[in-house]
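All remarks here apply to the structure that follows.
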Amino acid sequence: MTFPSRRDDLALVEGYHSARVDVPVRLNVNESPFPPPPGWRTAYLEELAAVPFNRYPDRTARALREAIATTHGVDADHVFAGKGSNEVLQALCLAFGGPGRTVAVFEPTYALHSHIARITGTGVAVGQRHHDDFTLDLDGVGRILHEAQPAITFLTTPNNPTGLVEPREVVEAVLDAAPGLVVVDEAYAQFAPWSAIDLLADHRPLVVTRTYSKTWSLAALRLGYLIAPPQVVDALWQVILPYHLDAASQIAGRVALRFSAEMEARVEAVVHERERLTDSLRQLPVRVWPSGANFLLFRPETVDASAVWKGLVDRSVLVRDCSAWPRLTGCLRVTVGTYDENEAFLHALKEVLA
Ligand SMILES: *Cc1c(COP(=O)(O)O)cnc(C)c1O
């Protein structure tokens, strides 16, 4: 008897990996370096203690969605939440992608957009960004959209792993040219000067996704959401598993929104450190790209990137090795940490480059 084989089309799909190395300074997955506010922890645990655990949670996560909606000045029927924005992106691909349909991505960008598309059986049309500064070439974008007629066009702003903030005119131009949904992934929007949420309108096929993993210091929770016209949200309810959001996540995410002042202070501290880190890197033999997010992409000019990565790990600092990613030969990405973590990184980097 032969063991059942997996789906044929999965043969082309690689798993998603990020190295987990247990060193003291971990600056590789863009988490917040700060724990959530103590007041959040107390309020969350208090509400958690009162959960009737033998009962299913609210299937529509009504209270959480209402709180998110209020934060963004929309109605709750414009909000869909899931286990991380990755689950939200998967629901979009299940409802609007699937066999016979295509999504468009522009490399280099967040690897999960094409990965999630493929595991949902959706085709992927890959466009390329400008070589040097990673901006979008709108003629090239127009060509891909015309040829592939994607059901979903993904943009990420600020882009991961480049840090580039897409100008508003560019998002508007893509929105005008795209034949299907435009999904703007705003995992890092709070670190940036503008948000595509301003462009949302019920007649526009625009979706904006957000996460609690970065700004809200709650990566352990797995909670993300989107804002979109109600007809998009309706379609997602059709493909998501019943009770996909557990009671604990619903409470945690709703309570977190009461602590926006503390969250904004954390964002400000990270942005301040980002600028300091950028200036420091500019003193070293590395190319560093400007970032509107909580990380920096850089390319050592004198030492091979993998050797730099290894040299940093040997000095207890973990960054992301992007050197094998599309269009990113020789590049590494460092998450902005606390002052002390950033100093440890800079000190180690200087030694490795010396
Ligand atoms: C980190 C990140 C996410 C977050 O995913 P979650 O599933 O919410 O943790 C989404 N999009 C981008 C571009 C990211 O970098």
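For ligands, and for the atoms within them, numbers begin at 1 and follow the listed sequence. Starting from 1, each residue takes its place in the sequence as its number.
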If you count only heavy atoms, which residues are under 4.0 Å from ligand 1? G84, S85, N86, Y110, T156, N160, D185, A187, Y188, T211, S213, K214, R222
Salt-bridge present (R327, E107; N to O < 4.0 Å): no
Side chain to side chain donor-acceptor pair (under 3.5 Å): which pairs involve residues 223-244, sequence neighbours left out? H72-Y225
Examine the side chains of Y56 and D246 and answer whether a donor and an acceptor come within less than 3.5 Å of each other. no
Is there a side-chain contact between R315 and V352 (heavy atoms, below 4.5 Å)? yes
Return the set of residues passing side chain to side chain donor-acceptor pair (under 3.5 Å) with R258 (not counting sequence neighbours), or none when no residue passes. E47
Any residue meeting side chain to side chain donor-acceptor pair (under 3.5 Å) with D340, in chain and number order, not counting sequence neighbours: none
